[in-house]
Asks: 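Encoded as structure tokens, here's the structure I'll be asking about.
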Amino acid sequence: MSEVRLRFAPSPTGYLHIGGARTALFNWLLSRKEKGTFILRIEDTDVARSTQESVDAILEGMTWLGLDWDEGPFYQSESFPLYKEFVQKLLNEGKAYKCYCTPEELEAKRELAMREGRKPKYDGTCRNRTEDIPGKPFAVRFRAPQTGETAFHDLIKGPISFANEELDDLIIQRSDGTPTYNFTVVIDDATMGITTVIRGDDHVNNTPRQIMLYEALGYPVPKFAHVPMILGADKTRLSKRHGATSVMAYRDMGFLPEAMVNYLVRLGWSHGDDEIFSREELIEKFSIEAVGRSAGVFNPDKLLWLNHHYIMNGDPQRLAELLVPFLQERGIDPGKGPDRVAAVKTLQERSKTMVEMADGAAFYYRSEFAYDEEAAAKFLKPEVVPLYKALLAKLDGLPDFGHDAIEAAFKEFCAEQGIKMGQIGPPVRVALCGGTTSPSIYEVLEVLGRDETRRRIERTIAFVAK
RNA sequence: GGUCCCAUCGUCUAGCGGUUAGGACACCGGCCUUUCACGUCGGUAACAGGGGUUCAAGUCCCCUUGGGAUCACCA
């Protein structure tokens, strides 16, 4: 009875975007922290703009982020009879009335009011009409209180109040019989027993009207928490101009869901100086009151840093699985070539994204790669051939081809040849990887294995001979 | 324009009357080093402005300025 019930209520007119994901995350976190219920509700009363593809995309985004819901998804389009019932109830009680003004007349009045410097609110033409007009289409308006004020204590923003005279009689049912948003949210939240509404702060202006509706309907008013919106680098509302806004696009760009969750929660919320939070820590430490009141700028660099952190500290086995599609995108068959987990381990600390990791791993799987021109000119010279041959002989004598044994062999080799690591390291790197950037060559040798190492060095010897 | 909201480094933020205003990302240096990274040490950088209240204001109040949201038979 006293348990909290929260909901995320997106309208299916597009994919799950960054802002929506954060709102969903805050709802989810609070529900988990309070051991309450998290409900997913699809607001599809705008039949024309709602699509099944959008619903699927939103569900996929939620799932990827690990935001599971306890009830739903519910669809508002399935509750039309319920809304009708409540409209009729308000009509019967005189708390709503039929409005015969046409949209055109309303638009004209609004314009006139604007021109004369008056507020463009409904003038109340039908508010006191006593007789129905048979056969004429009508919308239904809520009879809102015209004096006093409506106030609420926002969990994030604090006390907020509106003078009732600023609000007009909103339409709750269109002339085609369908209900409007401000009415359906209230009916749904009320009948679903939502205790706390966490949503974007573009809804604060709707809140007083909704509170009036709760009161007229005789339902308890839930608590409200309005989360500030997310901005782009230029401080305007985040949009595609600022880069990807779909959370799934971030998966495709090689981001880990835990990095996304960590980033999103820290955008607006904080817990002292802490930056890294596991899912468990978030559930334990999150509180809606600690969410900041001002809008925040989406910072891709910090997301990248977090992603790097999670890749670096992630389970190699799991990362190896996640890497598969990225390798395939590059025309690589992950089934062939060196052990993928071993390869991943050499790349974790040098990959900010899975895309970077795939790029870095490609050389392991490609044997006939071209040498980087600059690197070849600098390191693949004739005088290195004898060193290659001597090294190959040295490597052949190794009983164990593990990292430590390889490292020891290189040290010994340098001493025997009277050379520095800098004289043999780079040429070997280019022979094995094709360029000058790679994981430690000891690791590369180990991952590639003795045979492939020999193959690649011999290939380079042949290349230099030409 | 009306209403509502917001304001600490470039960015995310800590701060809840007394601080050398802290941390993180990014950036710039040093160290480590076979490359790239990782790691590590250090550095640049902020209380929008003005009035109050107070012994004392980044912290409380007011105003100004600047941002933003919203004013539909969209959600």
Side-chain angles (χ1 to χ4, degrees), chain A residues 9-13 43-46 48-50 76 99 101-103 106-107 110 113-114 117-122 137-141 154 156-158 160-163 165-168 170-182 184-185 200-208 226 228-229 231 233 235-237 263 266-276 292-306 308 312 346-352 356 360 375 379 407 410 414 420-430 433 435-442:
Chain A
S11 65
T13 52
E43 312 232 314
D44 58 350
T45 49
D46 185 347
R49 293 200 301 152
S50 301
Q76 287 192 320
C99 174
C101 301
T102 65
L106 260 16
E107 183 55 35
R110 240 194 310 276
M114 291 284 259
R118 289 180 291 116
K119 294 168 191 170
K121 55 182 262 190
Y122 181 60
F138 61 88
V140 178
R141 281 183 191 272
D154 193 280
I156 292 173
K157 296 182 182 280
I160 297 178
S161 67
F162 293 80
E165 59 179 347
E166 296 297 333
L167 281 13
D168 57 1
L170 82 153
I171 288 176
I172 58 178
Q173 186 178 91
R174 302 183 185 93
S175 45
D176 67 359
T178 59
T180 57
Y181 168 76
N182 276 113
T184 59
V185 250
D201 73 356
D202 47 330
H203 286 287
V204 304
N205 291 292
N206 287 328
T207 308
H226 289 98
M229 62 176 209
L231 276 22
K235 303 238 182 184
T236 61
R237 190 188 202 105
Y263 178 72
R266 274 288 288 108
L267 179 52
W269 174 82
S270 61
H271 182 84
D273 285 339
D274 300 347
E275 293 288 348
I276 307 291
R293 304 139 305 274
S294 54
V297 174
F298 182 77
N299 184 346
D301 278 335
K302 190 152 186 179
L303 207 209
L304 221 36
W305 172 74
L306 278 163
H308 176 54
M312 196 159 57
T346 69
L347 292 160
Q348 281 178 273
E349 67 183 22
R350 51 200 106 224
S351 305
K352 287 196 177 77
E356 275 189 27
F379 299 111
E407 177 170 4
F410 268 81
C414 286
K420 293 207 161 123
M421 194 56 207
Q423 291 171 265
I424 187 64
V428 169
R429 183 186 315 285
V430 177
C433 314
T436 51
T437 300
S438 82
S440 150
I441 55 174
Y442 309 135

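FYI, side chains are in, hydrogens and waters are out, and symmetry mates aren't considered; it's all heavy atoms of this structure. Naming convention: chains lettered A, B, ... in sequence-line order (proteins, then strands); numbering from 1 in each chain.
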Asks: Side chain of Arg237(A), heavy atoms from C-beta onward: which of A75(B), U3(B), U70(B) has the nearest atom to it?
Replies: U70(B)
Asks: Would you please name every residue forming a side-chain hydrogen bond (donor to acceptor under 3.5 Å, both in side chains) with Asp273(A), sequence neighbours left out?
Replies: none
Asks: List the protein contact pattern of nucleotides 31-36 of chain B with one symbol per nucleotide (5' to 3'): B for base contact, S for sugar-phosphate-only contact, - for none; contact means a heavy-atom distance under 4.0 Å.
Replies: ---BBB
Asks: Determine the Euclidean distance between corresponding P atoms of A21(B) and A37(B); express it in Å to zero decimal places.
Replies: 36 Å
Asks: Give one of base, sugar-phosphate or nothing for His226(A), where a contact means two heavy atoms less than 4.0 Å apart.
Replies: nothing
Asks: Who pairs with Arg293(A) by salt bridge (Lys or Arg N to Asp or Glu O under 4.0 Å), at least two apart in sequence or on another chain?
Replies: none
Asks: Determine whether a donor-acceptor pair (N or O, by modelled atom type, separation under 3.5 Å) exists between the side chain of Ser175(A) and the backbone of Pro137(A).
Replies: no
Asks: Salt bridge (Lys or Arg N to Asp or Glu O under 4.0 Å) with Lys352(A): which residues, sequence neighbours excluded?
Replies: none
Asks: Let me have a per-nucleotide readout for nucleotides 7-29 of chain B, 5' to 3', with B, S or -, counting only protein heavy atoms under 4.0 Å.
Replies: S---BBSS-------BBBSS---
Asks: Excluding sequence neighbours, so at least two apart, what forms side-chain contact (heavy atoms from CB on, under 4.5 Å) with Asn182(A)?
Replies: Leu170(A), Asn206(A), Gln210(A)
Asks: Under the side-chain contact (heavy atoms from CB on, under 4.5 Å) test, which residues partner Thr13(A), sequence neighbours left out?
Replies: Ser11(A), Arg49(A)
Asks: In chain order, what residues pass the salt bridge (Lys or Arg N to Asp or Glu O under 4.0 Å) check against Glu356(A), with sequence neighbours excluded?
Replies: none
Asks: Of all residues at least two apart in sequence or in a different chain, which pass the salt bridge (Lys or Arg N to Asp or Glu O under 4.0 Å) check with Asp202(A)?
Replies: none
Asks: Select base, sugar-phosphate, or nothing to describe what Asp168(A) touches, counting heavy atoms under 4.0 Å on all strands.
Replies: nothing
Asks: Apply side-chain contact (heavy atoms from CB on, under 4.5 Å) to Gln173(A) and list each qualifying residue two or more places apart in sequence or on a separate chain.
Replies: Lys84(A), Val87(A), Val140(A)
Asks: Using the side-chain contact (heavy atoms from CB on, under 4.5 Å) criterion, which residues pair with Glu107(A)? Sequence neighbours excluded.
Replies: Arg110(A), Glu111(A)
Asks: Between the protein and nucleotides 39-44 of chain B, list the N/O to N/O atom pairs that are separated by less than 3.5 angstrom.
Replies:
none

